[in-house]
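We number each residue from 1, following the sequence as shown. One-based numbering, in listed order, for ligands and for the atoms of each.
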Amino acid sequence: MPNRKATAIACSNIAFIKYWGNRDDALRLPANPSLSLNLGDLYTTTTVAFDKGLEKDEVTIDDRPADEATRARVSGHLDLVRQRAGHHTAGRVVSRNNFPAGAGIASSASGFAALTVAACAAAGLELAEAELSALARRGSGSASRSVPGGYTEWVMGKGNATSFARSVAPPDHWGLRDVVVIVSREHKVVGSSRGHGLAVGSRLHMSRVAAAPAMLAACKRALLARDLEAMGTLIEQDAVMMHAVMMTSRPPLYYWLPATMAVIKAAQGWRAAGLPVYFTIDAGPNVHLICEAARATEVETRARGLPGVLDVLVSRPGGAARLVEEHLF
Ligand code: DP6
């Protein structure tokens, strides 16, 4: 196997219908399908080189050596690529996020999508988009949705090969904005991977899972029709249902802070006064406000004025994960 290097860029994404809970934890086969928007302004760039001179995989993230747990997770993912390519060479991985560390933006989606695309190219594998998405899923479930472009749907599938994401609309289908309201930069105590495992302990989980396909179908219809009111209502419902599952799992997970609730209340007030904006929240306290491009500056300015808000990031829709010529080392 020749020493080869490849670099990929992948966007983060925000889910409108969330992935929470697995039917198979080891394979990351989700309990429900999910739907999201790639965030073109929040992305990860990753270079991978397989190098016979290395004894073990080396991982650098944002100019620092990764901690051992992260290194092992990345290394486990490289193992899947190596198995597929039929070689055993260790790799060097250098990854950089364009969003500030600790901004509460999940880097696992963009990170594992970029890692998958770069590692496969460096290993000389030529995979179709669906195969890359299914492989990215093994590293982090939401990463499957950052492989295709624009608005994407992760179908549950029947097994490993059929559980992948595909694009349902290109980035320019609808000029939505994600106005990310940061109320905490602290590292979460319970990460998503552990959280998924706790979901089954909540009596509400099965009820959310049962409702998810119909919620997703309705959300997709609203998305394709560019109906913000219909879609926004559904994304808020699903986010709150997911957090209700989290709060009722054992042990319970409370990701919300008082400032989270303050942003929700403010957004509801703005909406009542005629500003079309809807919220969603991932496994953390920060609030994503979804609105149309024409209202994004107003939403951002208002959000910056709320007590407890540390920062606000705004992102446009983003494209598919892609290889680039410029390497990080
Ligand atoms: C709340 O994809 O981060 O953001 O597969 O363990 O890496 P792992 O989990 P992850 O879970 C995402 C959870 C979520 C909802 C979503 O993005 O769909």
Side-chain angles (χ1 to χ4, degrees), residues 10-39 42 44 69-70 72-74 76-77 80 97 103-116 133-148 151-156 160 163-165 178 180 187-200 202 205 208-209 212-213 215-216 219-220 234-247 249 253-256 260 279-288 290 315 318:
C11 300
S12 174
N13 67 67
I14 180 67
F16 293 161
I17 299 295
K18 309 287 188 188
Y19 152 52
W20 196 247
N22 289 314
R23 54 184 210 279
D24 181 326
D25 277 322
L27 285 176
R28 284 191 159 81
L29 294 175
N32 67 278
S34 54
L35 182 72
S36 63
L37 167 62
N38 279 355
L39 301 175
L42 305 173
T44 303
T70 305
R73 187 168 170 186
V74 168
H77 199 62
L80 297 176
N97 298 311
I105 310 293
S107 56
S108 72
S110 51
F112 278 96
L115 178 69
T116 303
S133 171
L135 192 52
R137 186 202 82 233
R138 303 283 301 274
S140 174
S142 55
S144 65
R145 298 189 310 243
S146 283
V147 172
Y151 296 82
T152 79
E153 174 183 9
W154 172 12
V155 297
M156 289 176 58
N160 183 35
S163 186
F164 54 80
D178 181 4
V180 191
H187 198 74
K188 48 191 169 208
V189 182
V190 178
S192 321
S193 301
R194 246 193 85 211
H196 288 294
L198 298 176
V200 286
S202 163
H205 176 59
R208 175 175 177 272
V209 164
M215 294 269 288
L216 188 143
C219 192
K220 191 159 74 174
L234 289 160
I235 70 173
E236 289 192 351
Q237 263 171 22
D238 185 59
V240 174
M241 278 165 73
M242 178 184 75
H243 281 273
V245 169
M246 293 163 162
M247 290 177 198
S249 58
L253 299 177
Y254 283 78
Y255 286 112
W256 293 8
T260 310
F279 69 85
T280 183
I281 305 167
D282 278 344
N286 300 321
V287 184
H288 296 248
I290 308 297
S315 181

Report the residues that fulfil ring-ring contact (aromatic ring centres under 6.0 Å, His included) with F164, sequence neighbours left out, ordered by chain and then residue number. none
If only side-chain N and O atoms count, and only distance matters, is there a donor-acceptor pair under 3.5 Å linking S146 with N13? yes
Whether F16 and Y151 hold their rings parallel, tilted or perpendicular, with breakpoints at 30° and 60°: tilted
Check E153, R145, K18 against S34 for a side chain to side chain donor-acceptor pair (under 3.5 Å) and give me the one that passes. R145
Heavy-atom contacts with ligand 1 below 4.0 Å: which residues, ordered by chain and residue number? A15, K18, Y19, W20, R28, R73, S108, S140, G141, S142, R145, S192, S193, H196, M242, D282, A283
Judged by atom type as modelled, is there a donor-acceptor pair below 3.5 Å linking the side chain of S133 to the main-chain atoms of S144? yes
Going by atom types alone, do N22 and H196 pair a side-chain donor with an acceptor below 3.5 Å? no
